[in-house]
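Worksheet: one structure, shown below.
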Amino acid sequence: MDTLTDGVITLVRWRREDLDVLVRTADGSRDHLGDWLVWATGGYDRAKGEEFLTGAEQRWENGQSQDYAICTPESVVAGGCGLINRDPGREIGYWLAKEHTGRGYVTRAAALLVAESWRQGATFVEIRHDERNERSAAVPRRLGFTPHRQEPAGEPVAPACAGINHVWRLTRPG
Ligand SMILES: CC(C)(COP(=O)(O)OP(=O)(O)OC[C@H]1O[C@@H](n2cnc3c(N)ncnc32)[C@H](O)[C@@H]1OP(=O)(O)O)[C@@H](O)C(=O)NCCC(=O)NCCS
């Protein structure tokens, strides 16, 4: 589905024409994001944005992942999230510009992606984060995921990270 909404936030499939807003949003929070996400460490420029949007289009078409902008009730792009195909499961990733944190937008986005996963027939959904990333850990906890495993992160790791990932899992009900 190109668009998902819960009546408050809307997830909108990233398109190549979103380059300006993507770069502005991610680079505008370069320290907040770069601490935890290696792709944002050192800033987010147009080359990174173009690479992401081109890759996202290909991954969507070949069924590898679905990447969305998270849009606020005022239709402002607040961040991004993605649903990665890990058949028979799915994995959710997310980020928010700093000024849009603390309002539940990413918890809402993840809930929408969980519902989309069940709609697609997935049997489980996972969320992974570095063990020091407490803000990220709060998202799966709020949504009823349970701790599933820990594993070393691949290199390189972002500066605030310990390099150990915690993986949470939610199993399809019924
Ligand atoms: C991880 C990250 C997305 C979490 O952002 P966040 O703002 O804490 O998460 P949410 O948008 O779900 O907001 C939750 C907050 O909104 C509040 N909130 C308000 N309304 C809410 C609602 N309807 N539902 C859930 N929470 C709500 C919650 O109480 C919580 O605030 P609190 O922690 O003060 O209690 C953000 O810290 C981030 O972008 N970090 C950098 C990138 C990153 O680490 N990405 C993840 C890599 S694994």
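When a ligand or atom number is given, it counts from 1 through the structure's own listing order.
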### Interfacing atoms of ligand 1 (cut-off 4.0 Å, heavy-atom, His129)
48 (S)
### Message
Pairs of nitrogen or oxygen atoms closer than 3.5 Å, one from Leu33 and one from ligand 1: do any exist?
### Response
no
Students should be able to answer this: which protein heavy-atom is nearest to [atom], and at what distance?
atom                    : value
atom 12 (O) of ligand 1 : Thr107 OG1, 2.5 Å
atom 20 (N) of ligand 1 : Arg103 O, 3.4 Å
atom 28 (C) of ligand 1 : Arg142 NH2, 4.0 Å
atom 17 (C) of ligand 1 : Gly102 O, 3.6 Å

Nearest non-hydrogen contact with [atom] belongs to which option: [options]?
atom                    : options                        : result
atom 45 (N) of ligand 1 : Tyr94, Tyr105, Trp95           : Tyr94
atom 43 (C) of ligand 1 : Val139, Val8, Asn133, Leu96    : Asn133
atom 13 (O) of ligand 1 : Ala109, Ala160, Gly104, Ala158 : Gly104
atom 36 (C) of ligand 1 : His32, Arg128, His100          : His32

### Query
Is ligand 1 less than 4.0 angstrom away from at least one heavy atom of Arg108?
yes
### Task
If the plane angle is over 60° it's perpendicular, under 30° parallel, otherwise tilted; pick one for His129 and His166.
tilted
### Message
Consider ring pair (Phe, Tyr, Trp, His ring centres under 6.0 Å). Of Trp60, Trp95, Tyr94, which one does Tyr68 pass it with?
### Response
Trp60
### Task
Answer yes or no: is there an ion pair linking Arg128 with Glu151, defined by an N-O contact shorter than 4.0 Å?
yes
### Task
Inspect the surroundings of CD in Glu99 and state if more than 12 heavy atoms from other residues, nucleotides or ligands are less than 6.0 Å away.
yes
